[in-house]
Amino acid sequence: MPTLSWPPPAVLAERAARAVARLRRGRMLHPAGRSFTGAVLVWGTPGRPTGVRLLDRPGQYPATVRLSKGTPTPGAWPDVLGLAVRIQRTTGQPFDLLVSSSATAPVLRHLPLPRRRFAGTYSSVMSYRTGRRRLWLAVLADPESPDLGRDLAGLSAAVAAGRPRLVLAVASAAGPWRPFGQVTIGDQLSAREDAGLAFDPVGNLPEELRLAGPLAWLRQHTYRGSRRGRGATAQSGGSTGLTV
């Protein structure tokens, strides 16, 4: 009898993601969301440098911001919320930072947690490695910024009424969050622009960073499959100028 040969897990994960994206005619994960122009201001990492120039050195960058619901649940029902920030660097590929709603405490920051409101803590959940160090990145609520609402319609209204801000932060596995910059959310992109936007959290990284952890390979292949299933690339979409 012939021996059956199964494809490796990475290939199976990519094929499954591609099939779901084709069936949905859109993203496999976080299909419902809103995208906006944005601007990132980095003032630098307080205390010990991370060794990542983009985090440690002051700078200003145009950006694209997308907030989304994971499942998605209806209206303002709780869901694992997502936030993606594409930082357009002056040279090289962009930095795609993808974070999920979580808690602030060291243990719970590693878990995606459902919530109702778009304002709150978003953590990378998975760690990054730079040299021998592991880092976690987060986007935190700015207490002096307008609230972002409880559903996608409220999010659009909140952004249209002002220029909400979010705080960028970095931490070790058990240390406190250290703010190093902020994101300002600008004009909403069209539904067509939102549908064409695609992120690559594994490939679009600063030179000094790489995604770590046992599920990094799964994230790489599911995102690749999702992009291929809807005909997008890792560089699709994104603002090219400072618009806020």
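Along the sequence shown, residues are numbered consecutively beginning with 1.
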Asks: Is there a side chain to side chain contact (heavy atoms under 4.5 Å, CB included) between Arg163 and Ile185? Walk through the geometry before answering.
Replies: CA-CA 6 Å; Arg163 286 291 188 262; Ile185 305 176; over 6 Å; no

Asks: Should Val80 and Phe118 be regarded as members of a common hydrophobic cluster, given that ILVMFWY residues are connected when their side-chain heavy atoms come within less than 4.5 Å of each other, either directly or indirectly?
Replies: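 In one cluster: no.
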
Asks: Shortest non-hydrogen contact from Arg109 to Ala171?
Replies: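 Answer, listing the atom of Arg109 first, then Ala171: NH1-CB, 3.5 Å.
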
Asks: Under a single-linkage definition using a 4.5 Å side-chain heavy-atom cutoff for Ile, Leu, Val, Met, Phe, Trp and Tyr, are Ile87 and Leu140 assigned to the same hydrophobic cluster?
Replies: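 In one cluster: no.
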
Asks: In terms of heavy-atom contacts, does CZ of Arg48 have more than 12 from other residues, nucleotides or ligands at under 6.0 Å?
Replies: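 Not more than 12 within 6.0 Å, no.
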
Asks: What's the separation between atom CZ in Arg129 and atom CZ in Arg134, rounded to the nearest 0.5 Å?
Replies: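 Between Arg129 CZ and Arg134 CZ, I get 4.0 Å after rounding to 0.5 Å.
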
Asks: If you define the side chain from C-beta out and look only at heavy atoms, does anything of Gln188 sit under 4.5 Å from Val159?
Replies: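 No, side chains not in contact.
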
Asks: To the nearest 0.5 Å, tell me how far Leu113 CG sits from Thr121 OG1.
Replies: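 If we round to the nearest 0.5 Å, Leu113:CG and Thr121:OG1 are 10.0 Å apart.
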
Asks: Under the 3.5 angstrom rule, does the side chain of Asp56 hit a backbone N or O of Gly51 as a donor-acceptor pair?
Replies: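 Here the side-chain-to-backbone pair exists.
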
Asks: Does Arg178 reach the main-chain N or O of Pro46 with its side chain, forming a donor-acceptor pair under 3.5 Å?
Replies: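 Yes; at least one donor-acceptor contact below 3.5 Å.
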
Asks: For Asp151 and Ala76, work out which heavy atoms get closest and say how close.
Replies: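 So the two residues come closest at CB-N, 4.1 Å.
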
Asks: Can you run down the ring-ring contact (aromatic ring centres under 6.0 Å, His included) pairs that involve residues 129-152, sequence neighbours left out, and say none if there aren't any?
Replies: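 For residues 129-152, and leaving out neighbouring residues, the ring-ring contact (aromatic ring centres under 6.0 Å, His included) pairs sorted by first residue read His110-Trp136.
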
Asks: State, to 0.1 Å, how close Ala119 and Leu148 come at their nearest heavy-atom pair, and which atoms those are.
Replies: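 Taking every non-hydrogen atom into account, N-CB, 4.1 Å.
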
Asks: Does any N or O in the side chain of Arg89 come within less than 3.5 Å of the main-chain N or O of Gln93, such that one atom is a donor and the other an acceptor?
Replies: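 Present.
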
Asks: In sequence, state the C-alpha distance, the side-chain angles, and the governing distance for Leu54 and Tyr61, and then conclude on side chain to side chain contact (heavy atoms under 4.5 Å, CB included).
Replies: CA-CA 10 Å; Leu54 184 63; Tyr61 309 91; 3.4 Å; yes

Asks: Mind checking whether Leu41 and Phe36 sit in one hydrophobic cluster, side chains of I, L, V, M, F, W, Y counted as touching below 4.5 Å?
Replies: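 Each belongs to a different hydrophobic cluster.
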
Asks: Linking I/L/V/M/F/W/Y whenever any side-chain heavy atoms sit under 4.5 Å apart, do Leu205 and Val65 land together?
Replies: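 The answer is yes; both residues are in one hydrophobic cluster.
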
Asks: Between Asp142 and Val167, is there a donor-acceptor pair closer than 3.5 Å when you use the side chain of the first and the backbone of the second?
Replies: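 Such a contact is absent between Asp142 side chain and Val167 backbone.
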
Asks: Test of understanding: clusters of I, L, V, M, F, W, Y form through side-chain heavy atoms closer than 4.5 Å, transitively. Do Phe180 and Phe95 belong to the same one?
Replies: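 Yes, same cluster.
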
Asks: Quick one: CZ on Arg133 to CG on Leu209, what's the gap to the nearest 0.5 Å?
Replies: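 Going from CZ on Arg133 over to CG on Leu209, the span is 10.5 Å.
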
Asks: Can you give me the closest heavy-atom contact between Trp177 and Ala169, atom names plus distance?
Replies: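 Here Trp177 and Ala169 meet closest at CB-CB, 3.9 Å.
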
Asks: With side chain to side chain contact (heavy atoms under 4.5 Å, CB included) as the test, pick out the partner of Leu166 among Val40, Val85, Leu83.
Replies: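 Of all the options given, the one that passes is Leu83.
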
Asks: Looking at residues at least two apart in the chain, or sitting in another chain, which of them share a side-chain contact (heavy atoms from CB on, under 4.5 Å) with Ser68?
Replies: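 Applying side-chain contact (heavy atoms from CB on, under 4.5 Å) to Ser68 gives His30, Arg66.
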
Asks: Quick one: closest heavy-atom pair of Ser101 and Arg115, and the distance?
Replies: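 Shortest heavy-atom contact: CB-NH1, 3.3 Å.
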
Asks: So do the side chains of Thr64 and Leu189 get within less than 4.5 Å of each other, counting heavy atoms only?
Replies: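 Yes, their side chains come closer than 4.5 Å.
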
Asks: Say whether, by atom type as modelled, one donor and one acceptor occur between the side chain of Ser124 and the main chain of Leu137 under 3.5 angstrom.
Replies: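 Checking the backbone N and O of Leu137 against the side chain of Ser124, a donor-acceptor pair under 3.5 Å is found.
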
Asks: List the atom of Ser127, the atom of Leu211, and the distance in Å for their closest heavy-atom pair.
Replies: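 For Ser127 versus Leu211, the nearest heavy atoms are O-CD1, 3.6 Å.
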
Asks: Just so I know, are the side chains of Pro72 and Trp77 near enough to count as touching, which here means a heavy-atom distance under 4.5 Å?
Replies: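 No, too far: nothing below the 4.5 Å cut-off.
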
Asks: Does the Asp79 side chain pair with the main chain of Thr71, one donor and one acceptor, at a distance under 3.5 Å?
Replies: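 Checking the backbone N and O of Thr71 against the side chain of Asp79, a donor-acceptor pair under 3.5 Å is found.
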
Asks: For a side chain to side chain contact (heavy atoms under 4.5 Å, CB included) check, start with the C-alpha distance between Leu168 and Leu97, then their side-chain angles and the critical distance, and finish with the verdict.
Replies: CA-CA 10 Å; Leu168 295 167; Leu97 173 61; 4.0 Å; yes

Asks: Report yes if some heavy atom in the side chain of Arg34 is under 4.5 Å from a heavy atom in the side chain of Leu67; otherwise report no.
Replies: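 When only atoms from C-beta onward are counted, Leu67 and Arg34 do not touch, as no gap falls below 4.5 Å.
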
Asks: When you compare the side chain of Thr130 with that of Tyr128, does any pair of heavy atoms fall below 4.5 Å?
Replies: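 Not in contact.
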
Asks: Is it the case that the side chain of Asp187 and the backbone of Thr37 share a donor-acceptor pair, with hydrogens and angles ignored and the cut-off at 3.5 Å?
Replies: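 Checked: no pair found.
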
